[in-house]
Amino acid sequence: MINSSASKKAIGTIEISSQQAEKIVNITEFAKAVSQFFGKNTSELLEIIFIGSIDLDASDVHFETEENQIKIRLRIDGVLQDLVTISHQEYKQLLSRLKLVSGIKLNISDRPQDGRFSIINHKENIEVRSSTLPSEYGESIVLRILNPKSLISLEQLGLRDDLLEIFRKEINKPNGMIIVTGPTGSGKTTTLYAFLKEVQNSTIKVITIEDPIEYRLEGISQTQAEPIKGYDFASGLRAIVRQDPDVILIGEIRDLETAEIALQAALTGHLVFSTIHANDSAGTIARLVDLGTTPASVASAINLIIAQRLIRKVCPKCAEFKNISPEQLKKISKELAPEALPKNIKIAEITSRTKIPIAKGCKDCGFTGYKGRLGVFEAFLIDDDMERFVIGNPPTSDLKNKAIQKGMVTMYQDGLIRVIEGLTTIEELERTIGTG
C-alpha cells in the first residue's frame, strides 16, 4: 500500500508516494489501515495517518497522551472522532519524526512549540501546522491540515441568493471595512479568502497580514506576523498602508492599535477585510468599542459585519425524513413567518405535513449521520440610518433588533431554512448555534 523512501524525506516535507487501490471512505476502514502498520516503519505509519486524514477531509489530527496509551483522534466536520490508540513507544518515534519535520526542537519537551511542514501528495502541496503541548504523561501534538481544496469561491460558500448579492455588492466597493466574526473553526478564513479570490485582479494590489499564513494565494502579497521579532498586526499594518494597497486583509483584530489603524485605512480609500471574536454580528460593535475605539469611527468605517458558524449536513446516503412535530412546527413557523423575513426570501409553506431530516448513521458517514458541512450566516449592513444609530452607542440587543427591522436574517433563521431545505437537522443547528 505504501511505497515510502526515507532518503527522499527532508526537514519540512513529507512525501506520500502511495498508490491506493481505493480511497479510505470512513473512520472504521481508516482504523484498520492504521493498525496494519503498528510496530513497523514509523514513516509508513505516519504516511497512512496522513493519507486517511486527507481522504476523510479531517481538519486536525490529535495525538493525546494518557497514562497507558496514546489516543489518536481526528476532527471531521468539526467533531472529534476516535481513530486508534498506540503505545508510548510507538508514539515516541512518531513524535520525534513530527518534531523533526516541523522544525521543532527535539530536546525541548517542557514548553509548547509550534512548527509547520508540507505534505506532497500526488504533486499537490498540503500545508500542516503543528503544535506541541507538555502534559502529565508526555507531549501531546495537534496537526492542523490546511488542504488547498478548502479554498472555495464565493458561490461555493452556499449562500442564500440575497446574501450572495449583498456580499458581492459590498466587496466591490472601493473602501470601507468588512468584518467576519465567529469562534475558532467557524470558517471565517475560508470566507475572507473567498472574498480575496473574488476581488483579486491585475489592476489592484492586495496585501495581507496573517498569523499564520494558512493558504498561499497567487497574485496576492501575503505577509506573516512575527510578534517575537516586533512585526505584529499593528506594526505590519502601518507598513502595509505605505505600500499603496487597494485591498488589505488583516488576519484578526486583537487590540486597540490594530483596530484604530484598520478603521483609519478603511476611511482613507482602502477596502479592508478582517476577523474579530464576537458572539454575533451586533456584538462586533460592542467588541470594538470594548477595545477602545469610538462608536463614531466604527460606524463610519464599517460597511458590513458578517457572523457565521459551520453546521454538519445530513449524510445523503442514510438520512431519513419525518413529519415535523407540533412543537417544531410552532417554533419554525414563528421564526420563518412571512412577516419575520425580508420580502425577497421565499420559502415553501410550513405545515404539519412538512418533512425534515433526521440523522441515522451508516458506514459511509462513520455512523454519525452527518457528512460535510455548510455555513449559516447573518449579515449586518451599516447604511446611513444604521450609522446614525451606532454613533449613539446603543446596547447590543437594540442593535440586533434594529438590524432585524432593516432586514437581517439571523443565523438561527438561516439554519432553519437549511433544515426546511433538507440539508441539516434541528438538533445539529441547536448544538452549534443554540435555540435562537
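Just so you know, these numbers come straight off a predicted model, no measurement behind them.
- Legend: salt bridge (Lys or Arg N to Asp or Glu O under 4.0 Å) pairs involving residues 173-197, not counting sequence neighbours, sorted by first then second residue: Glu170-Lys173.
- Going from atom OG of Ser102 over to atom CD1 of Ile141 covers 5.5 Å, rounded to the nearest 0.5 Å.
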| task | Mind running side-chain hydrogen bond (donor to acceptor under 3.5 Å, both in side chains) on Thr275 and Glu252 for me, showing each step along the way? | result | CA-CA 5 Å; Thr275 72; Glu252 184 184 346; 5.1 Å; no

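- Listed by chain and number, the residues in a side chain to side chain donor-acceptor pair (under 3.5 Å) with Thr284 amount to none (sequence neighbours excluded).
- Residues forming a salt bridge (Lys or Arg N to Asp or Glu O under 4.0 Å) with Asp383 (at least two apart in sequence, or on another chain): Lys406.
- The aromatic rings of Phe63 and Tyr91 sit parallel to each other, their planes meeting at less than 30°, with 60° as the upper class boundary.
- Partners of Asp162 by salt bridge (Lys or Arg N to Asp or Glu O under 4.0 Å), not counting sequence neighbours, listed by chain and number: Arg160.
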| task | Show the numbers, then the answer: is there a side-chain hydrogen bond (donor to acceptor under 3.5 Å, both in side chains) between Glu428 and Thr425? | result | CA-CA 5 Å; Glu428 171 63 10; Thr425 65; 5.6 Å; no

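- Screening residues 309-355 for ring-ring contact (aromatic ring centres under 6.0 Å, His included) gives no qualifying pairs among residues at least two apart or on separate chains.
- In this view, Glu387 satisfies the side chain to side chain donor-acceptor pair (under 3.5 Å) rule with no residue, not counting sequence neighbours.
- When only modelled atom types and interatomic distance are considered, Thr65 and Ser135 share a side-chain donor-acceptor pair under 3.5 Å.
- Under the salt bridge (Lys or Arg N to Asp or Glu O under 4.0 Å) criterion, Asp211 pairs with Arg254, sequence neighbours left out.
- At a cut-off of 3.5 Å, with distance as the only test, no side-chain donor of Tyr412 or Glu378 sits close to an acceptor on the other residue.
- Partners of Thr189 according to the side chain to side chain contact (heavy atoms under 4.5 Å, CB included) rule, which considers only residues two or more places apart in sequence or in another chain, are Tyr193, Glu214.
- Each ring-ring contact (aromatic ring centres under 6.0 Å, His included) pair with one or both residues in residues 132-186, not counting sequence neighbours, appears once here: Phe167-Phe195.
- Among residues at least two apart or in separate chains, side chain to side chain donor-acceptor pair (under 3.5 Å) pairs with a member in residues 344-360 are Asn323-Lys355.
- The salt bridge (Lys or Arg N to Asp or Glu O under 4.0 Å) check on Lys313 picks up nothing, with sequence neighbours excluded.
- Looking at residues two or more places apart in sequence or on another chain, you find a side chain to side chain donor-acceptor pair (under 3.5 Å) between Thr223 and Tyr231.
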